[in-house]
Novice: 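I'd like to ask some things about the structure below.
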Amino acid sequence: MNASETSADPAQRAAELRTRIEDANYRYHVLDDAAIPDVEYDRLMRELEALEASYPELLRSDSPTRRVGARPAEGFAEVRHAQRMLSLANAFSDAEVGDFVQRIVERTGNAQPQFSVEPKFDGLAISLRYEHGAFVQGATRGDGETGEDVTANLRTIRAIPLRLRGADWPAVLEVRGEVYMPRAAFEAYNAKARAEGGKVLANPRNGAAGSLRQLDPAITAARPLAFYAYAPGDVAESELPSTHSAFMTRLRDWGFPVSHLVETAHGLDGCLDYFRRIGAQRDALPFDIDGVVYKLDDLGLQRELGFVGRTPRWAIAHKFPAQEQTTRVLAIDINIGRTGAATPIARLEPVQVAGVVVTNATLHNADQIRRLDVRVGDSVIVRRAGDVIPEVVRVMPELRPSESSKWQMPTHCPICRSELVQEEGQVVWRCSGELICPAQQKESIIHFASRRAMDIEGLGSRLIEDLCDLGFVASVADLYKLSLDDFIEMKRRADERDGTTPETVKAGKVASKWAENLIEAIDHSKQATLERFLFALGIEHVGESTAKVLANWFGTLERIRHMPWPLLKLLPDIGGEVGRSIDHFFAQAGNQRVLDALLEHGVSLKDEHDVSAKLAARLGIENFLVQLEIPKLTELRAKQFAAVGQSPEQLAELPSHPLISAGLPADTVAAWLDWHADAANATLYQRSAAAWNALRELAASVSASAATLPLEGKTVVLTGTLSSMSRDQVGAKLEALGAKVSGSVSKKTDFVVAGEAAGSKLDKAQALGVEVWDEARLLEYLKGQGA
DNA sequence: ATGCCTCGAGTTCA
DNA sequence: CTCGAGGCAT
C-alpha cells in the first residue's frame, strides 16, 4: 500500500475507497470507459475489506464489499409489483410495424410520431426499487403482477448501483431493465468451467436467468452478469420528464447503465431504418439481442393510449427472424411413430442455432425431402421455427459433394422389416407391420402411459423401451401384470446388457423403492376417466378431443366398443374417415382381447354415464331407433333392395325412405345398408346389437334437457402460462361452465385467455380483434361464477 | 368444389 | 409449433 494514499483517518479512507470503487463501476458499466485495471480494482477492494474488518463500526450495507450477502433461508419471497411489469406485443414483419405506427398516428393525430428506440436484450427482465437513493429491493417479472425477491443476487451485479449518484432523484424510484450476460463473459465463464470440469451454461440468456435464481448469492456473484436499464416502474408522475428519452438520460445521470444504442426515431421509416441498422450490427454486438423495441416517446401520450390486455398500445417489439445456421447432414434416418407413420429425420453435425445445440431436425415426410432435395452429406441451412423446433430450410447445392445421389424412401420398416406403404392420395408412408412391429408397440405403450393419457408417473419412454426389448410387455394390458420382482429383474438385465455398473444391486433398497413407486403408479392409473382411456388406446384419428366427443355422447365403453361406424358418423366432428378408423380398431379381435384383458386386470372407468337427451335427439332415437328393431331393419333392407335394385346410390336418392325421413343423411343410410350387405360385417353386426339395445332403452327414459350453462356455446382458447393454475385446470373449469376449449384462434373464438409468455395465439387474437382476457380477469370471472 | 376451422400427430431440448 | 388432412358450411 502506498503511504501517500493512506489517509490517517480510517473513516475518511474508507469513504475514499468506496468512492473510487463505485466510480470504477460507474465508468466501466455506464460510461463504457476504460476503467482502472482489474488488479488495481481488486487491491482497492481488499484494502476496503481489511479496513472494515478492523473497524466494524465503519461497515455500511451499501458498501461495495457487501455486494455478497447471506443467502435467504429458503426459496425466494414473493414481491408484488407496485406497478405491473409489462410484456410487449411482437411484430415479425415491416407490415405489422406499419399497422402499429398507423394506429398511433390515428389515435394521436400526429403523422410523424417520435419514438424512443432501443435493442431488445435477450436476458431477464427485472425491477429495481430505490428509496431515498438506496437500492432496497429487486424482483423478477414473474407473472407481471408478482415476482420473486432476488435482491441479494442483484446486489452482486456491479452494473447495478447500490446508491444513486447526484441528488435530484425521486424519494421512491423504480427502474425496469434487463439482466444479461455479455457474450465474452459467457464464453470465458464456460471455458473456465470446462477446464475445471464444472457445469457449463447453455447460452447467455439461460445463464442470466439461472444465475439470478441461485439461492446462494455467492454463486451469482461468480457469474459475469451485467445490466441495462430501459424503463420507469413505480415513479410519481410528477417526477417524470415529458419524454421517455429524457427519462433515459436521467437514468444515466443517476448511475444506471443505459445502452448507447438507444436513439429516437420518427415515424415508420425511422423505426425500420433503426431496425436494419441494428440488425446489421447484431452479430458484432457484445451481447445477444432478439430484436428492437419502439416506444412512443411522449409519456403523456403513452398514458393516454393505455393498454390492450396486458400489452401497451404505445410500444411494440420488432423481432428478428429466427436465426439460421449452416451445418451438414450426416444421415437421414426413419422414425416409426405410434400409428406406423415413417418420418424421416436428418441427423446433423451439431450446431448452435439461436442458443441451443441442434443435432436432429425433422424432415416431415418424403415429399418435403423431394422438394428440398436433401441428400446425405449436404450442407443445409437450419433454423428454429418459432424459435423452438429446428427445421431444414434449404440445401446449399454449391457445397454438395460430387458423388451424391437422391435420397430414397426405404422400402421396408427399419425396425420390423415389414413393407412401407403409402396410401392412395396420402403423403405419409406407413409401416404395414401394425401390431407386430416392435416400434409401433413401444410407441403405443408410451402413448398409453403418457401424462395426458393414463398418466402413469415414472413410466417413461426409456423404461418402456427396456420393458419391451427384454420381453416383459408386448401390449398395454401387460403393464398391469408386472410385479415388483419383474421390475427389479428387468432392471438387473438392462444393467447387464448395457454393461453399466449395477448400482441398483448395490443399493437393493433403492431399487425396490423405485419399483414400488412404479407399481403404485400403475395401480393408481386403473381408475381412469372414459375419455382419457379412449385417448390412451391410441386409435387412429382419435385424439383428446374426439375421445371426449365419444365419451360425452355415448357414455360407456361398452357401447362405444360395439358401435358400428354408420352410427359413429352421426356424432359431431366424426365423419367417414374417423368413424371407419374407430370401427376398424374395435373390429380387430386382438384389440378387443386387449380391452378385455385391461378390464380383467381391474382397469375401471369412474365416470361412465348415461347418454344425454341431446344424444337421443341427435340420433333421432325416438323417431326411428325405437321403432326399428334390428330384424325390422334387415327386413327393410331386403324390401328396399328388392324395390330399387342393388344400388345403394339409387337407394340414397329415395327421399321417402323411412330412415331419411327420420332425419338421417341419405349417404349415411346408404352406407349403413351397404355395410350390412357385406357378409364380412356379420360379426360386428351381432356385437352392435348390444349398443342398439342400450340406446333404445335409454331413449325411453329421455328427460328434458339440462339447464343451460353460462358459457354454453362459447369457444375459448388458452395460451401462455398462468400463475395460479395450470392450463388444464383452467380448461376444466371453463368446460364445467359449458365452454368449448379449443386449441387455435379464429374469427369464431369468443375470447382468448392469455397468460405469461403468450405467443402466436395472442398475436393472432389481437390481429383478429378477438377479446383477450388476462389472468386477473379470468380469476375474477371464475370467482363470480363460484368456481 | 372450395375454403375455413379444427384436430391429430410428430418433434426438440434443457 | 407446424403441417396435413378431416369435417362441415357454403
Side-chain angles (χ1 to χ4, degrees), chain A residues 92 199-203 205-207 209-210 213 322 333-348 350-368 371 382-393 422-430 439-440 443-444 446-447 450 452-453 461 534-535 537-550 568-582 665 667-668 715-717 719-720 740-750 757-764 768 770:
Chain A
F92 292 96
K199 263 187 66 185
V200 291
L201 304 171
N203 59 48
R205 185 165 62 115
N206 287 0
R213 298 205 73 263
D333 290 349
I334 296 292
N335 188 51
I336 302 291
R338 162 167 68 85
T339 61
T343 314
I345 296 178
R347 307 285 175 203
L348 305 170
V351 64
Q352 280 262 340
V353 185
V356 301
V357 178
V358 170
T359 54
N360 299 320
T362 174
L363 292 165
H364 291 117
N365 53 52
D367 270 27
Q368 172 91 354
R371 267 200 300 277
V382 179
R383 92 171 147 215
R384 297 216 297 151
D387 261 2
V388 185
I389 295 173
E391 65 179 5
V392 173
V393 184
Q422 190 178 34
E423 243 177 88
E424 184 74 24
Q426 295 225 316
V427 176
V428 288
W429 287 78
R430 286 181 196 280
Q440 291 186 56
E443 294 296 331
S444 53
I446 290 169
H447 170 75
S450 68
R452 307 197 68 88
S461 59
L534 285 170
F535 173 58
L537 292 177
I539 303 167
E540 204 179 337
H541 293 130
V542 178
E544 284 177 286
S545 171
T546 309
K548 184 176 288 177
V549 168
L550 289 170
L568 290 166
K569 220 182 104 135
L570 294 173
L571 299 195
D573 303 330
I574 297 182
E577 206 53 41
V578 177
R580 239 186 302 268
S581 157
I582 298 168
D667 66 329
T668 303
T715 304
V716 183
V717 175
T719 182
K740 176 166 166 48
V741 178
S742 165
S744 51
V745 180
S746 73
K747 278 185 294 191
K748 288 192 187 168
T749 310
D750 290 286
S760 60
K761 282 186 263 188
L762 177 59
D763 298 340
K764 188 157 183 202
L768 292 171
V770 171

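Values below: all heavy atoms of this structure, side chains included; hydrogens, waters and symmetry mates excluded. From a predicted model like this one, the values you see are computed outputs, not experimental measurements. To find a chain, count down the sequence lines: A is the first, B the second, and so on, and within it residues start at 1.
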Novice: Between B:dT11, C:dG6, B:dA9, which nucleotide has the shortest distance from any of its atoms to the side chain of A:E577?
Specialist: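 So the nucleotide nearest the side chain must be C:dG6.
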
Novice: Please report, rounded to the nearest Å, how far the P atom of B:dT11 is from the CG atom of A:L348.
Specialist: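 Taking CG of A:L348 and P of B:dT11, I get 14 Å after rounding.
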
Novice: Extract from the structure each pairing of a protein N or O with an N or O of nucleotides 2-6 of chain B at less than 3.5 Å, listing the distance.
Specialist:
residue	atom	partner	partner atom	Å
B:dT6	OP1	A:S746	OG	3.4
B:dT6	OP2	A:S746	OG	2.7

Novice: If you pin A:F535 and A:N360 to their nearest nucleotides in DNA chain B, which one's is more 5'?
Specialist: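 So the residue in question is A:F535.
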
Novice: Going by the rule side-chain contact (heavy atoms from CB on, under 4.5 Å), which residues pair with A:S744 if we only count those two or more places apart in sequence or in a different chain?
Specialist: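 If we apply the side-chain contact (heavy atoms from CB on, under 4.5 Å) test to A:S744, skipping adjacent residues, the hits are A:S742.
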
Novice: Please determine, for the side chain of A:T339, which listed nucleotide (B:dC7, B:dT12, B:dA9) has the closest atom?
Specialist: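 Given the options B:dC7, B:dT12, B:dA9, the side chain of A:T339 is closest to B:dA9.
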
Novice: Counting only side-chain nitrogens and oxygens, does A:T362 get under 4.0 Å of the OP1 or OP2 atom of C:dC1?
Specialist: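 For A:T362, the contact criterion (side-chain N or O under 4.0 Å from OP1 or OP2 of C:dC1) is not met.
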
Novice: Within the side chain of A:H541, is there an N or O that forms a donor-acceptor pair under 3.5 Å with the backbone of A:G579?
Specialist: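 Such a contact is absent between A:H541 side chain and A:G579 backbone.
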
Novice: Categorize A:V428 for me: base, sugar-phosphate, or nothing, with a 4.0 angstrom heavy-atom threshold over every strand shown.
Specialist: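 The answer is nothing, as A:V428 stays clear of every strand by at least 4.0 Å.
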
Novice: Closest approach to the side chain of A:T343, judged atom by atom: which nucleotide of B:dG8, B:dC13, B:dT11 is it?
Specialist: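 The answer is B:dT11, which lies nearest to the side chain.
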
Novice: Rounding to an integer number of Å, can you tell me how far A:E391 CD sits from C:dG4 P?
Specialist: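 So the two atoms are 11 Å apart, to the nearest Å.
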
Novice: OP1 or OP2 of B:dC13 less than 4.0 angstrom from a side-chain nitrogen or oxygen of A:T359, does that happen here?
Specialist: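 The answer is yes; a side-chain N or O of A:T359 sits under 4.0 Å from OP1 or OP2.
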
Novice: Excluding sequence neighbours, so at least two apart, what forms side-chain contact (heavy atoms from CB on, under 4.5 Å) with A:A439?
Specialist: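 Residues passing side-chain contact (heavy atoms from CB on, under 4.5 Å) with A:A439: A:I336, A:I415, A:C437.
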
